[in-house]
Amino acid sequence: MKVKMLSRNPDNYVRETKLDIQRVPRNYDPTLHPFEVPREYVRALNATKLERVFAKPFLASLDGHRDGVNCLAKHPKSLASVLSGACDGEVKIWNLTKRKCIRTIQAHEGFVRGMCTRFCGTSFFTVGDDKTVKQWKMDGPGYGEEEEPLYTVLGKTVYTGIDHHWKDPVFATCGQQVDIWDEQRTSPVCSMNWGFDSISSVKFNPVETFLLGSCASDRNIVLYDMRQATPLKKVILEMRTNTICWNPMEAFNFTAANEDYNLYTFDMRALDTPVMVHMDHVSAVLDVDYSPTGKEFVSASFDKSIRIFPVDKSRSREVYHTKRMQHVMCVKWTSDSKYIMCGSDEMNIRLWKANASEKLGVLTSREKAANDYNQKLKEKFQYHPHVKRIARHRHLPKSIYSQIQEQRVMKEARRRKEMNRRKHSKPGSVPIVSERKKHVVAVVK
Amino acid sequence: METAPKPGRGVPPKRDKPQAKRKKPRRYWEEETTPAAVATSPGPPRKKARTGESRPPRSKSAHIAQKSRFSKKPPISKTAPDWKKPQRTLSGAQDPFPGPVPAPLEEARKFCRIDKSKTLPHSKPKTQSKLEKAEAQEEEASVRAARAELLLAEEPGFLVGEDGEDTAKILQTDIVEAVDIASAAKHFDLNLRQFGPYRLNYSRTGRHLALGGRRGHVAALDWVTKKLMCEINVMEAVRDIHFLHSEALLAVAQNRWLYIYDNQGIELHCIRRCDRVTRLEFLPFHFLLATTSETGFLTYLDVSVGKIVTALNVRAGRLSVMAQNPYNAVIHLGHSNGTVSLWSPAVKEPLAKILCHRGGVRAVAVDSTGTYMATSGLDHQLKIFDLRGTFQPLSSRTLPQGAGHLAFSQRGLLVAGMGDVVNIWAGQGKASPPSLEQPYLTHRLSGHVHGLQFCPFEDVLGVGHSGGFTSMLVPGAAEPNFDGLENNPYRSRKQRQEWEVKALLEKVPAELICLNPRALAEVDVVTLEQQKKERIERLGYDPDAKAAFQPKAKQKGRSSTASLVKRKKKVMDQEHRDKVRQSLEQQQQKKKQDMAMPPGARPSALDRFVRRAREGGLQVDP
């Protein structure tokens with residue numbers, strides 16, 4: 001007879017002294033871990049609930065402007081500083097860590113229309129209603145010195161926007177036409193236009209740096225090539241586009257903020273169909289900015305809210321609003337991809353977390369591990385109705401809520417009408433047009 | 001080993017030259033062309049680069065190596081792959097075991113959670129790739145878990161006879177003499193003739209034991225150290241006893257009501273909604289205490305909030321045979337008509353009914369993997385059923401007395417209590433059913449068996465009988481390696497408290513109890529019809545249904561009731577005619593199809609007769 005009994009030495013399983021940590025032997029045999037799916041589901045449900053409990057995205061409000069904030073600019077080298085221009089021509093530079101204004105400049109008479117920083121972070125440019133382009137030093141003036149621009153260019157027409165080249169000392173302004181400027185000269189190197197209309201914004205492509213995109217008030221988005229000094233092609237949409245923003249990671253994609261409450265992500269190479277139509281706002285979209293990861297972007301709207309969209313989803317992931325925030329004019333995603341700033345009509349700049357329930361500050365490794373685990377669980381069970389309902393729930397102001405309902409009814413009515421029209425006309429005479437193609441009027445090359 | 005020329009040194013200056021000549025703007029991805037990557041491909045690739053290929057040649061071997069971790073088959077190829085060739089390091093040392101670690105595929109099968117026989121549902125490419133990726137990750141996880149098996153500290157026990165020796169003939173005293181002192185101390189008898197027969201229950205960690213004597217004796221003890229926690233007499237008949245989620249709470253089914261005591265023996269609750277309870281089962285992950293009563297009710301009590309979740313009327317008379325399936329928390333009830341019914345608190349009707357015996361069912365037990373169910377009946381049969389979908393008996397055996405009590409151990413041993421004898425059968429391994437041919441062990445007790453349970457994580461079988469309690473040694477019964485985060489026999493008080501909070505946080509809702517607990521993670525393939533039905537339910541109407549014709553009201557007396565009816569009738573007739581026409585057309589088409597020749601058949605001169613005959617036949621028919 002050969003016999004062996006299971007006999008454990010307790011010393012191998014309990015700690016030696018009270019100063020040690022407890023021993024936890026593991027065995028991953030599935031029969032010792034029954035109900036792993038239902039338990040994971042419950043964990044996912046709890047994680048989703050906790051995410052909503054901890055969703056407190058609002059961080060700070062920076063007040064000090066004496067008129068609505070019209071434009072914002074990020075500092076390319078410092079995460080802590082941010083620049084803002086107001087409707088009374090005032091420019092302020094803020095320190096985000098202290099949440100204080102560190103410098104105020106009366107830059108223009110009338111609106112500060114556009115603003116951009118130089119890639120090196122030593123100076124910045126502003127354009128205003130007074131038909132001037134000014135370059136300013138980032139550091140304040142020394143003791144006893146006057147606050148003066150480095151240099152000023154007087155133009156013939158009003159400039160409505162400005163953007164700086166990503167590598168070269170070249171910048172572009174827009175107004176009646178798109179002008180390319182050398183920093184050393186007082187007249188534009190070249191100016192390009194296509195049709196006669198005021199252009200509201202111009203943006204340099206971050207990768208193919210000689211490419212520019214602009215949007216004009218005759219409903220079109222035009223792409224220019226700086227080397228040829230000619231426009232490349234344009235796409236005409238149903239309504240006017242307010243701004244565009246290039247995707248910093250997939251720089252052939254850009255997103256346009258449109259007056260028809262939608263945002264359109266286009267592939268530069270195929271403008272006839274947008275890659276995605278992002279719908280959720282209930283009023284004109286005024287500004288858009290990409291996160292540095294290129295996976296999401298934030299949009300500011302006239303409906304007093306900002307929304308975060310994943311690039312490949314047509315519905316927003318998040319909506320931010322407060323009672324006091326009015327029409328949001330400008331929005332920026334900070335370079336560390338963690339925060340969002342928005343400037344609104346009621347003279348405040350607000351700072352939000354990009355991920356509403358994220359814990360700020362240094363995390364311990366256990367916290368990080370728990371966070372990652374919960375994230376994965378939420379992802380795994382995101383389609384379960386109970387989890388989905390909790391994750392999707394957002395409180396909305398009554399005005400936005402009722403407008404969403406109203407627009408749903410209108411959209412349904414339009415759809416029904418079209419369906420009826422199709423039913424009562426010759427087969428094939430009323431074609432089915434996809435939502436993406438519906439909004440593009442024409443592409444001109 | 002200085003055979004191969006080291007290409008890394010000589011080439012870079014050569015390579016720099018063409019790059020300096022080239023004045024193409026550098027793209028961001030071009031920085032990936034590190035000296036090593038270019039240098040290892042001598043000759044042709046450099047030429048290519050000069051001719052203006054902007055994309056660097058992707059290193060194929062790296063790509064394959066990365067992919068092979070997720071590939072379905074282990075990377076086996078007839079020609080020696082790159083990683084099999086010895087790779088040189090800077091120091092010149094050679095990796096004696098080149099390439100990835102071989103995957104333990106055999107062991108990984110135990111951890112595999114995906115059913116490969118099922119094909120993925122047809123879906124859009126993006127979803128498809130996501131599903132495939134998830135599957136690959138699961139596979140990877142199972143391989144890793146299998147590798148971690150190496151770290152398990154303990155080996156299971158065993159009992160092997162010398163050649164020709166029958167292990168069933170080995171007595172407990174022989175085993176006690178042969179094993180070490182610590183194990184020998186696990187064999188003991190409690191002589192409690194006064195209040196017997198005894199029911200018993202081990203706590204989930206296997207550390208504590210609760211005893212309940214029919215004549216009111218209730219005791220809880222730490223049986224390893226033999227330390228008594230409490231001992232009371234409830235002055236009432238005790239029918240069953242069960243620990244709740246931890247050893248601190250104890251449920252006792254007494255003559256009238258169900259009582260809950262703590263480990264000091266203090267009565268905490270008297271639950272009057274559960275009356276005349278005969279058997280108790282605790283579902284630890286749902287925090288449900290399932291009770292069956294003489295009145296024929298199966299009641300689920302949520303012990304975390306103290307509410308009754310459901311009380312199901314089984315409609316089968318007195319219930320006294322109950323077992324839980326530890327795999328899916330389904331309750332198995334045995335009835336006097338020979339059936340075993342499966343119950344979930346979410347459903348009012350039994351999930352399944354299995355006819356097991358002629359005559360009543362005396363005992364039911366389900367093994368820890370939830371695959372096999374053992375039943376014994378009044379017909380003296382002991383049967384083992386497969387619970388994986390078919391519910392068919394796998395093996396059966398007639399016992400001289402018939403078993404009154406059955407229990408499975410963690411490693412699949414089956415014990416049956418027949419009168420004052422217990423028989424234990426063993427199978428080939430954990431995942432196979434016990435073979436009923438030859439018993440593994442037998443033992444005669446000093447009284448009739450009244451309760452049986454294998455102690456979790458110890459090679460011990462506890463038997464309650466009319467003479468008291470016996471703790472038997474059964475080598476190879478228990479899982480040797482416990483998981484410290486689930487059931488830790490050596491846990492401290494703090495660890496228990498921590499575990500309790502975690503367990504309560506992830507309490508599984510009672511509605512999720514069903515036959516397949518993994519169903520929650522499977523892809524729910526919705527059929528088109530179901531989708532349509534749901535849509536109709538959501539909208540409140542059928543959007544695709546045709547609305548009934550409503551004639552428009554007309555002026556100048558043309559909208560009389562008669563004319564309205566007439567117009568309505570006209571439209572209806574038109575529709576009817578359309579329908580008839582359509583169906584006729586369909587019929588004709590079908591006829592044509594029927595007569596059409598099969599593809600590849602040659603026309604024959606005799607075809608004309610065939611056709612005519614068919615047509616003639618059709619003409620005659622009406």
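Chain A is the first sequence line, chain B the second, and so forth, proteins listed ahead of strands; every chain is numbered from 1. This is a predicted model, so every value here is computed, not measured.
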Rounded distance [0.5 Å steps], CZ in A/R39 versus CG in B/L520:
14.0 Å

Min side-chain heavy-atom separation B/K494-A/Q22 under 4.5 Å:
no

Heavy-atom closest contact (B/S183 atom, A/L6 atom, distance):
OG-O, 4.2 Å

Could you pull out the closest heavy-atom pair between A/N27 and B/E479, with the gap in Å?
ND2-OE2, 3.4 Å

Kindly give the heavy-atom pair with the smallest separation between B/F285 and A/F35, and that separation in Å.
CD1-CD1, 3.3 Å

Is it the case that the side chain of B/R491 and the backbone of A/V24 share a donor-acceptor pair, with hydrogens and angles ignored and the cut-off at 3.5 Å?
no

Against chain A, label B/A134 side chain, backbone, both or neither, depending on which of its atoms sit under 4.5 Å from a heavy atom there.
neither

At a heavy-atom separation under 4.5 Å, does B/P480 approach chain A through its side chain, its backbone, both, or neither?
both

Correct closest heavy-atom pair for A/P38 and B/P517 would be CD-O, 3.5 Å

Between A/K2 (side chain only) and B/F158 (backbone N and O only), is there a donor and an acceptor less than 3.5 Å apart?
no

Report which part of A/H33 has an atom under 4.5 Å of a heavy atom belonging to chain B: side chain, backbone, both, or neither.
both

Within this structure, what is the OG1-NZ distance for the pair A/T31 and B/K110, rounded to the nearest 0.5 Å?
7.0 Å

Check the pair A/L32 / B/E486 against side-chain contact (heavy atoms from CB on, under 4.5 Å), numbers first and verdict last.
CA-CA 8 Å; A/L32 292 184; B/E486 291 273 8; 5.7 Å; no

CD (A/Q382) with more than 12 external heavy atoms under 6.0 Å
yes

Find the distance between CG (A/N46) and CG (B/L505) and round it off to the nearest 0.5 Å.
6.0 Å

So, B/D459 side chain and A/M5 main chain: donor-acceptor pair closer than 3.5 Å or not?
no

